[in-house]
Novice: 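Below you'll find the structure I mean.
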Amino acid sequence: MKLTALIAFVAAALGIWKLKERDSLKPCINANPDPETDPQCFFSSSYVAARALFLQAASSAGATVDSLAVTDDGLFTDVAMLPGRADRLLVHVSGTHGTEGYVGSAIQSAWLREWDAAAAAPENERPTVVIVHALNPFGMANWRRWNEDGVDLNRNCLFEAAEWEEVLGRDPNIAGYEDLNDLVNPEAPPSAFETVRMFAMAAQKIASGQFSAVKRALVAATYTRSTGLFYGGRELATSHKLLAEYLRQFKNVRQLTFLDVHSGLGPLGKDTLLTSTDKATVERIFHPPSQEHPPYDVQGMHDSAGKGGAADGYELTRGISDACYPKIFPSAEVMSVTQEFGTLPGTLVLKAMRDENMAFHHAPDEEARAPYAKAVYDAFCPSKQSFREATLRRGLIV
C-alpha cells in the first residue's frame with residue numbers, strides 16, 4: 001500500500017476535511033442573481049425552497065410545468081417542458097438520489113433563469129427540452145439518498161420483467177454485499193463504537209488493496225435487504241412509473257439526449273461524465289480539446305473496472321436511470337450521460353449514508369436523526385463557495 005494513500009485515509013478518518021474561512025459561502029443579497037457571479041443564490045437547503053425556486057424559474061422561462069404527485073403528502077416531481085422539434089428530445093434529471101438533488105436543482109433553476117426564448121433558435125430548429133426536478137422528492141425533502149420505501153432509484157429503473165427476474169433471482173452475494181451487511185447495516189443507532197468499527201474496516205480494506213471491492217459490492221446493490229444501503233426494491237418505484245408515463249407522450253423521438261445529475265463520487269467540485277452509451281461520442285461532444293472548463297474525466301459505466309475512477313465497480317450494477325429511460329425510445333439515436341460531481345472522500349460519504357440510515361431505522365425519534373440527515377446533505381452538497389461555483393459552471397456548460 002502506498003504511504004500517500006494511508007495518509008489520505010487517516011486524514012479523512014480523523015475528519016481533517018474542513019471548511020476554510022476564505023471558502024465559506026457568500027450571502028445571497030442579489031434580488032436578480034446571475035449564475036456566474038451569484039452561484040450560491042441557486043442552491044437551497046430544503047425541498048420546499050428548491051421547488052419554489054425551480055417553479056419560479058420555469059415560469060419566467062415560459063415553460064409548461066406538470067407536477068407529478070409521488071406521495072400523498074405534498075411531495076412532487078415537477079417537470080418543465082420547453083417545446084421544440086418533435087424528433088429531438090433533451091431530458092435533464094435532478095434528485096434521483098434524493099439529497100443529491102440540491103446540486104442538480106441549482107443547475108436547473110439557473111439554466112431556466114438564463115433561458116431567453118427570443119434569443120433561442122426557433123422551435124423547429126431546437127430540441128424539445130424536458131427538465132425533471134426532484135425525481136426522488138422524499139429523499140430530497142428528508143435529506144436521504146433513498147425514496148419513501150427505502151429504495152435506491154438508481155438501482156430500481158428496470159422496465160422489463162426479465163430484468164427484474166435477473167436481479168431478484170441472482171445470488172444476493174454476487175458482488176460481496178452479504179459479506180459486508182453486518183458492517184454497513186448495523187441494527188443499532190449511530191455511536192462512537194460503530195464509527196470506529198467502520199473506519200477500522202476501511203483502513204484494513206485500503207491496506208490490503210480491497211477498497212475497490214467494497215465499492216463494487218455496495219454499488220451492485222441488494223434486492224433482499226429492504227432497510228439496507230443501496231436497496232434496489234422488488235418492483236418499479238412510483239417515481240419511475242410516473243416519469244416513464246410522462247415521457248411516453250413523445251412518440252416521434254429519433255434523437256435523445258438524457259442527462260442525470262449526481263454528486264458524491266470523485267474529487268471535490270470536479271465532474272466525471274459517466275455513460276452507458278458510446279464513450280467516444282460523449283468525449284467528442286462534451287470534452288472537446290478547446291473547452292475552457294472541461295470535465296475531470298469521461299468514463300464508460302460498465303468498462304471501467306479496476307481503473308479507480310467514479311465508474312469503477314459498476315459492472316454488476318443494474319437499474320441505472322441513464323440506461324433505463326432510453327428504452328422508452330427504441331427508434332432513437334441515444335446519448336445518455338450521468339454527470340457526477342465529486343464531494344468528500346469516499347469513506348466520509350459512506351459514513352454519512354451509513355449513520356443516517358442507522359438513525360432512520362433505529363434512532364428514537366426524528367430529532368435524534370436530524371444531525372445525521374444534515375451530515376448527508378453536507379456530504380452531497382458541501383457548503384463551500386468553490387464547490388458551488390464549480391458545479392454550477394460545469395452544470396450549465398453541459
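Predicted, not measured: the structure shown is a model, and the values here were computed from it.
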Novice: Can you sort out the partners of Asp72 under side-chain hydrogen bond (donor to acceptor under 3.5 Å, both in side chains), two or more places apart, ordered by chain and number?
Specialist: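 With sequence neighbours excluded, Asp72 shows a side-chain hydrogen bond (donor to acceptor under 3.5 Å, both in side chains) to no residue whatsoever.
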Novice: Could you tell me which residues satisfy ring pair (Phe, Tyr, Trp, His ring centres under 6.0 Å) with Phe258, sequence neighbours excluded, listed by chain and number?
Specialist: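 In terms of ring pair (Phe, Tyr, Trp, His ring centres under 6.0 Å), with neighbours along the sequence ignored, Phe258 is linked to Tyr325.
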Novice: Sequence neighbours excluded and cut-off under 3.5 Å, please list the side-chain donor-acceptor pairs for residues 53-69, or say none.
Specialist:
from: Ser60; atom 1: OG; to: Ala57; atom 2: O; distance (Å): 2.7
from: Ser67; atom 1: OG; to: Arg51; atom 2: NH2; distance (Å): 3.4
from: Ser67; atom 1: OG; to: Asp78; atom 2: OD1; distance (Å): 2.5

Novice: Give me each pair satisfying ring-ring contact (aromatic ring centres under 6.0 Å, His included) with a member in residues 336-375, each pair once, sequence neighbours excluded.
Specialist: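 Checked against ring-ring contact (aromatic ring centres under 6.0 Å, His included) - neighbours excluded - no pair reaches residues 336-375.
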Novice: Under a single-linkage rule joining Ile, Leu, Val, Met, Phe, Trp and Tyr whose side-chain heavy atoms are separated by less than 4.5 Å, which residues share a cluster with Ile285?
Specialist: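 Joined to Ile285, directly or through intermediates: Leu259, Leu273, Val282, Phe286, Val298, Met335, Val337, Val398.
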Novice: Quick one: side chain to side chain donor-acceptor pair (under 3.5 Å) pairs with a partner in residues 124-140, sequence neighbours left out?
Specialist: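 Passing the test, one end in residues 124-140: Ser105-His133.
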Novice: Only counting residues at least two apart or in another chain, list the ones meeting side-chain hydrogen bond (donor to acceptor under 3.5 Å, both in side chains) with Asp278.
Specialist: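 Counting only residues at least two positions away or on another chain, Asp278 forms a side-chain hydrogen bond (donor to acceptor under 3.5 Å, both in side chains) with Thr281.
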Novice: Could you go through Arg369 and Glu356, starting from their C-alpha distance and side-chain angles, then the distance that decides it, and tell me whether this counts as salt bridge (charged side-chain N to carboxylate O under 4.0 Å, His left out)?
Specialist: CA-CA 7 Å; Arg369 186 186 79 93; Glu356 187 282 328; 2.6 Å; yes
Novice: By side-chain hydrogen bond (donor to acceptor under 3.5 Å, both in side chains), which residues pair with Lys374, not counting sequence neighbours?
Specialist: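 side-chain hydrogen bond (donor to acceptor under 3.5 Å, both in side chains) check on Lys374 returns Asp378.
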Novice: Using a 6.0 Å distance limit plus a 45 degree cone around the ring axis, check whether Arg155 lies over the aromatic ring of Tyr177.
Specialist: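 The answer is no, since Arg155 fails at least one limit relative to Tyr177.
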Novice: Can you pull the salt bridge (Lys or Arg N to Asp or Glu O under 4.0 Å) pairs that have at least one residue in residues 182-209, sequence neighbours excluded?
Specialist: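 Sorted result for residues 182-209: Asp182-Arg197, Glu194-Arg197, Glu194-Arg354.
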Novice: Excluding sequence neighbours, so at least two apart, what forms salt bridge (Lys or Arg N to Asp or Glu O under 4.0 Å) with Lys327?
Specialist: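 Here the qualifying residues are Glu163.
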Novice: Could I get the full list of salt bridge (Lys or Arg N to Asp or Glu O under 4.0 Å) partners for Asp152, not counting sequence neighbours?
Specialist: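 Partners of Asp152 by the salt bridge (Lys or Arg N to Asp or Glu O under 4.0 Å) criterion, ordered by chain and then number, come out as Arg145.
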Novice: Going by side-chain hydrogen bond (donor to acceptor under 3.5 Å, both in side chains), name the residues that satisfy it together with Asp38, two or more places apart in sequence or in a different chain.
Specialist: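 Partners of Asp38 by the side-chain hydrogen bond (donor to acceptor under 3.5 Å, both in side chains) criterion, ordered by chain and then number, come out as Asn30.
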